[in-house]
Amino acid sequence: MSTQPATAPLLIACALGIEHLALRTGDRGGAGGPVTLLRTGMGPKAAERSVTRRLADPALAGAAVLATGFCAGLGPGMHPGDLVVAEETRDPDGTVPCVETDLLVKELVRAVPGRTVHTGPLTGSDHVVRGHERSDLLATGAIAVDMESAATLLSAVRAGEHPVAAVRVVVDAPQHELVRIGTVRGGISAFRVLRSVLPAFHEWHRSLLLPRR
């Protein structure tokens with residue numbers, strides 16, 4: 001039987017100021033251990049640099065790492081405010097499987113009742129995806145795309161033994177393309193959902209602190 005330290009930290013990474021604001025104002029505590037909220041900046045390179053630098057801190061040895069924020073849905077029937085729980089993240093540099101995704105789904109349904117939760121591969125991009133690029137990515141089996149999750153999780157596993165996950169809120173979808181976050185109803189809806197997800201993240205984190213057999 002092996003266990004993580006009772007105080008194993010949680011690192012929650014997001015890219016944008018508006019995402020950071022949603023998470024910070026929505027956090028009502030309840031974590032299973034110390035929590036660090038990291039704003040990485042936009043794009044895979046920024047995420048890689050920021051996460052790698054942060055995880056070099058001995059205080060974050062063994063930290064669980066969760067990438068979150070907004071994303072673009074790829075499939076028909078996806079709507080702003082839907083949630084995406086990645087089963088794995090993908091980009092040209094590699095694929096990273098996520099941990100305890102079933103628990104995350106269950107806790108998100110509880111934390112944000114009435115919102116649809118999608119599960120599947122989350123793919124990375126170095127630019128905002130629009131138009132035909134959505135269908136091209138959907139054809140690979142991915143259900144959503146963002147610019148930081150894949151780089152965040154790959155950087156985490158390269159830095160050591162870090163349980164990882166990615167949860168994203170759909171801010172636009174094929175039938176609901178968003179021009180600017182926060183200026184239309186879809187962006188506001190996604191912001192409100194992101195404010196509500198912290199209890200689910202804390203429960204996921206707490207589960208990782210339980211003894212493993």
Enter the distance from Met78:CE to Leu83:CG here, rounded to the nearest 0.5 Å. 9.5 Å
Report whether Val117 and Val171 are members of the same hydrophobic cluster (ILVMFWY, side-chain heavy atoms less than 4.5 Å apart, transitive linking). yes
Going only through I, L, V, M, F, W and Y residues with side-chain contacts under 4.5 Å, is there a path from Leu154 to Val164? yes
Gap between atom CG of Leu10 and atom CH2 of Trp204 - 0.5 Å precision: 6.5 Å
Would Glu133 and His127 count as a side-chain contact (heavy atoms from CB on, under 4.5 Å) if you check the C-alpha gap in whole Å, the side-chain angles of each, and the deciding distance to 0.1 Å? CA-CA 11 Å; Glu133 287 183 284; His127 61 279; 2.7 Å; yes
Any His205 side-chain heavy atom under 4.5 Å of Glu100 side chain: no
What is the minimum heavy-atom distance between Ala64 and Leu208, and which atoms define it? CB-CD1, 3.6 Å
Which heavy atom in Gly81 sits nearest to a heavy atom in Ser189, and how many Å separate them? CA-OG, 3.9 Å
Donor-acceptor contact below 3.5 Å, side chain Glu148 vs main chain Pro44: no
Do Val35 and Leu108 belong to the same hydrophobic cluster, where Ile, Leu, Val, Met, Phe, Trp and Tyr are linked whenever their side-chain heavy atoms lie under 4.5 Å apart, directly or via other members? yes
Can you name the closest pair of heavy atoms from Ala144 and Val84 and give their distance? CB-CG2, 3.9 Å
Heavy-atom pair with the smallest gap, counting every atom of Glu87 and Thr119: OE2-OG1, 3.6 Å
Euclidean distance, Leu194 CG relative to His20 NE2, rounded to 0.5 Å: 11.5 Å
Closer than 3.5 angstrom, by distance alone: can the side chain of Arg115 be matched with the main-chain N or O of Asp82 as a donor-acceptor pair? no
Would you call His162 and Leu11 a side-chain contact if the rule is heavy atoms closer than 4.5 Å? no
Any heavy-atom pair between the side chains of Glu107 and Val85 that's under 4.5 Å? no
Checking Arg39 side chain against Cys14 main chain: does a donor-acceptor pair fall under 3.5 Å? no
Looking at side-chain heavy atoms only, is the closest gap between Thr36 and Asp57 below 4.5 Å? no
Any side-chain donor near an acceptor of the partner, Arg54 and Ser155, under 3.5 Å: no
Separation between CG of Asp102 and OG of Ser207, rounded to the nearest 0.5 Å: 11.0 Å
Decide yes or no on side-chain contact (heavy atoms from CB on, under 4.5 Å) for Asp126 and Asp91, but give the supporting numbers first. CA-CA 10 Å; Asp126 61 1; Asp91 73 5; over 6 Å; no
CZ on Phe201 to OG1 on Thr68, rounded to 0.5 Å: 3.5 Å
State plainly whether one hydrophobic cluster holds both Leu37 and Val197, where clusters connect Ile, Leu, Val, Met, Phe, Trp and Tyr through side-chain heavy atoms under 4.5 angstrom apart. yes
Consider side-chain contact (heavy atoms from CB on, under 4.5 Å). Of Leu153, Leu74, Ile143, Asp146, which one does Leu122 pass it with? Asp146
Can you give me the closest heavy-atom contact between Val167 and Leu66, atom names plus distance? N-CD2, 4.3 Å
Given side-chain contact (heavy atoms from CB on, under 4.5 Å), test Arg206 with Leu103 step by step and report yes or no. CA-CA 11 Å; Arg206 185 177 290 113; Leu103 176 67; over 6 Å; no
Side chain Arg134, main chain Gly73, donor-acceptor under 3.5 Å: yes
Could you check if a side-chain atom of Asp136 sits within less than 4.5 angstrom of a side-chain atom of Val129, using non-hydrogen atoms only? no
Contact summary for Val51 and Ala156, nearest pair of heavy atoms: CG1-N, 4.3 Å
Go through it in stages, so that I can follow the logic: the residues are Val170 and Cys71, the test is side-chain contact (heavy atoms from CB on, under 4.5 Å), and I'd like the CA-CA distance, side-chain angles, deciding distance and then a yes or no. CA-CA 5 Å; Val170 175; Cys71 71; 4.0 Å; yes
Expected output: side-chain Ser50 to main-chain Ala46 donor-acceptor under 3.5 Å: no
Give a yes or no on whether Val193 and Leu16 share a hydrophobic cluster (residues Ile, Leu, Val, Met, Phe, Trp, Tyr; joining criterion: side-chain heavy atoms under 4.5 Å apart). yes
Measure the spacing between CZ of Arg24 and CZ of Arg195 and express it to the nearest 0.5 Å. 10.5 Å
